[in-house]
Amino acid sequence: MAQYPLPVIMVSALTERGGQITMEALEAGAIDFVNKPKSDIARGLGAMMKELRAKVKMAAAANLDAWKRLAQQKKQLPAQRPVSGQEERALANSTDKVIAIGASTGGTEAIRRIVKMLPPTMPGVVIVQHMPAGFTKSFASSLNDVALMEVMEAQGGERVMPGRLLLAPGGKHMRVRRSGGMYLVECYEGPNVSGHCPSVDVLFKSVSQQVGRNALGVILTGMGSDGADGMAEMRRAGGRTLAQNEASSVVFGMPRAAYENGGGHSADEGHTFRLRRALLGFAGFLFRFSANANIANNA
């Protein structure tokens with residue numbers, strides 16, 4: 001990809017080794033992947049080919065300029081700046097805040113860059129990345145290898161707490177529930193919502209209802225419109241919202257839908273330290289400002 005950028009779709013086996021190879025391919029620049037049928041080959045092959053055709057068409061229109069810019073930025077980024085004392089004190093007082101992130105096509109690498117720059121004192125983070133069952137565990141493990149926070153695939157019942165990032169398991173929805181003075185996640189099987197399971201809308205709507213103004217929602221690159229309704233609900237509940245801009249999105253579907261639905265402010269995910277500053281600000285300093293303040297545009 002670095003020498004000859006081309007849109008790549010992986011066809012992967014649902015095995016532990018297959019999951020690892022898929023994660024490596026996505027990190028290297030593959031846009032998305034489809035899973036080989038494991039059983040009932042005759043029926044599963046038709047479904048796989050339908051998904052493959054849709055993703056090939058999507059890949060043909062993918063924004064490879066964004067990938068090239070981000071790959072170049074990865075080479076040029078200096079070492080992570082330590083969290084300042086002022087940031088540390090602000091984050092220490094942010095234990096009741098929740099950051100919710102949703103992504104799809106192109107999102108694995110965007111999430112990886114974000115996770116690498118978050119300090120261990122960050123408020124709890126919950127993420128939905130569109131992936132089938134069997135791959136999210138490998139993805140969570142790969143994130144945990146590069147993160148300062150603890151990263152794990154959620155099973156259900158885990159506490160959303162500072163220093164911890166919970167990734168929705170493939171094939172299950174994840175929602176946040178308040179229990180006394182803390183937040184827990186629930187994971188459950190269910191029909192697709194907004195075309196997906198796990199669904200960003202399910203997560204964001206639960207965060208709007210349970211966390212309200214103490215939440216930050218972020219939508220990253222992805223195909224479709226999952227998360228747009230949930231992000232609008234988060235804004236109406238007083239939460240802050242960020243949506244990746246078109247120039248840095250591999251696929252500008254989900255962020256565009258969030259903008260058009262009135263849920264998303266602009267955030268250039270490609271400018272890593274600007275986004276880091278915005279996240280730290282939302283998590284610490286800026287929660288005391290009005291929920292309607294458009295503070296993301298030049299963060």
Side-chain angles (χ1 to χ4, degrees), residues 14 16 19 22-23 33-35 37-40 44 47 51 96-105 107-108 111 115 123-144 149-161 164-212 214-220 222-234 236-237 239 254 257-258 263:
L14 184 55
E16 182 176 350
T22 299
M23 292 304 106
F33 70 97
V34 295
N35 188 30
K38 191 174 182 179
S39 60
D40 195 358
E51 181 184 6
D96 60 339
K97 297 173 176 61
V98 174
I99 298 171
I101 299 174
S104 187
T105 309
T108 54
I111 289 171
V115 167
V125 179
V126 286
I127 294 182
V128 165
Q129 164 69 47
H130 292 161
M131 275 186 173
F135 289 91
T136 44
K137 185 175 182 179
S138 295
F139 184 41
S141 178
S142 71
L143 292 177
N144 194 57
M149 299 179 72
E150 175 191 31
V151 182
M152 64 176 70
E153 180 191 51
Q155 301 299 313
E158 294 90 350
R159 182 181 175 186
V160 183
M161 57 188 291
R164 173 178 289 174
L165 186 154
L166 296 170
L167 180 70
K172 291 185 179 182
H173 294 301
M174 183 173 73
R175 62 191 175 199
V176 173
R177 175 176 62 86
R178 188 175 186 102
S179 178
M182 61 184 180
Y183 300 106
L184 305 174
V185 295
E186 296 177 341
C187 300
Y188 62 97
E189 295 179 353
N192 287 357
V193 175
S194 302
H196 298 278
C197 183
S199 167
V200 182
D201 270 328
V202 168
L203 176 64
F204 280 7
K205 288 180 180 180
S206 72
V207 170
S208 73
Q209 296 161 9
Q210 300 292 313
V211 187
N214 285 333
L216 164 64
V218 182
I219 281 188
L220 301 174
M223 180 172 60
S225 61
D226 187 24
D229 290 341
M231 178 164 275
E233 287 195 14
M234 287 184 67
R236 289 194 291 270
M254 287 166 53

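What you see is a predicted model, and the numbers here were worked out from it, not measured in a lab.
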*Does Thr108 have any side chain to side chain contact (heavy atoms under 4.5 Å, CB included) partners at least two apart in sequence or in another chain, and if so, which?*
Leu26, Gln129, Met131, Phe139
*Please test Val126 against Tyr183 for side-chain contact (heavy atoms from CB on, under 4.5 Å), starting from the C-alpha separation and ending with a verdict.*
CA-CA 11 Å; Val126 286; Tyr183 300 106; over 6 Å; no
*asked:* Once side-chain hydrogen bond (donor to acceptor under 3.5 Å, both in side chains) is applied, do any residues pair with Ser225, and if so which ones, sequence neighbours excluded?
replied: none
*Would you name the heavy atoms of Gly224 and Ala257 that are closest together and state the gap between them?*
O-CB, 4.3 Å
*Can Val207 and Glu233 be said to form a side-chain contact (heavy atoms from CB on, under 4.5 Å), step by step?*
CA-CA 9 Å; Val207 170; Glu233 287 195 14; over 6 Å; no
*Applying side chain to side chain contact (heavy atoms under 4.5 Å, CB included), name anything that partners Thr105, two or more places apart in sequence or on another chain.*
Ile31, Asp32, Met58, Met223, Val251
*asked:* Please determine whether side-chain contact (heavy atoms from CB on, under 4.5 Å) holds for the pair Asp229 and Lys205, giving the CA-CA distance in whole Å, both sets of side-chain angles, and the decisive distance to 0.1 Å.
replied: CA-CA 8 Å; Asp229 290 341; Lys205 288 180 180 180; 4.1 Å; yes
*Could you tell me whether the side chain of His173 and the main chain of Ala168 form a donor-acceptor pair under 3.5 Å?*
no
*Closest contact, heavy atoms only, Thr136 versus Gly170*: OG1-N, 2.9 Å
_If I take atom CZ from residue Arg159 and atom CE from residue Met182, how far apart are they, to the nearest 0.5 angstrom?_
6.0 Å
_Non-neighbouring partners of Ala154 that pass side chain to side chain contact (heavy atoms under 4.5 Å, CB included), sequence neighbours left out_ = Glu158, Leu166, Pro169, Met174, Val185, Cys187
*Looking at Ala103 and Leu220, what are the two nearest heavy atoms and their distance?*
CB-CB, 3.9 Å
*Kindly give the heavy-atom pair with the smallest separation between Val200 and His130, and that separation in Å.*
CG2-NE2, 3.9 Å
_Please give me the minimum heavy-atom distance between Phe204 and Ile219, naming the atom from each residue._
CE2-CG1, 3.5 Å
_With side chain to side chain contact (heavy atoms under 4.5 Å, CB included) as the test, pick out the partner of Met149 among Asn144, Val125, Val115._
Val125
*Test item: Val176 and Leu203 side chains (from C-beta on) under 4.5 Å apart, heavy atoms*: yes
_Let me confirm one number: the CG-CD1 distance from Leu143 to Ile111, rounded to the nearest 0.5 Å._
7.0 Å
*Partners of Glu150 by salt bridge (charged side-chain N to carboxylate O under 4.0 Å, His left out), sequence neighbours excluded?*
Arg164
*For Phe33, check ring pair (Phe, Tyr, Trp, His ring centres under 6.0 Å) against everything at least two apart and list the hits.*
Phe135
*How far does CD of Glu153 sit from OG of Ser138, to the nearest 0.5 angstrom?*
9.0 Å
*Among all residues two or more places apart in sequence or in another chain, which pass the side-chain hydrogen bond (donor to acceptor under 3.5 Å, both in side chains) test with Gln209?*
none
*Looking only at atom types and distance, does a side-chain atom of Gln210 sit under 3.5 Å from a main-chain N or O of Arg178, one as donor and one as acceptor?*
yes
*Using the test side chain to side chain contact (heavy atoms under 4.5 Å, CB included), find all partners of Ala232 that sit at least two apart in sequence or belong to another chain.*
Arg236, Asn261
*Between the side chain of Asp226 and the main-chain N/O of Ser199, is any donor-acceptor distance below 3.5 Å?*
no
*Which distance, rounded to the nearest 0.5 Å, do you find between the CG of Leu216 and the CD1 of Ile101?*
7.5 Å
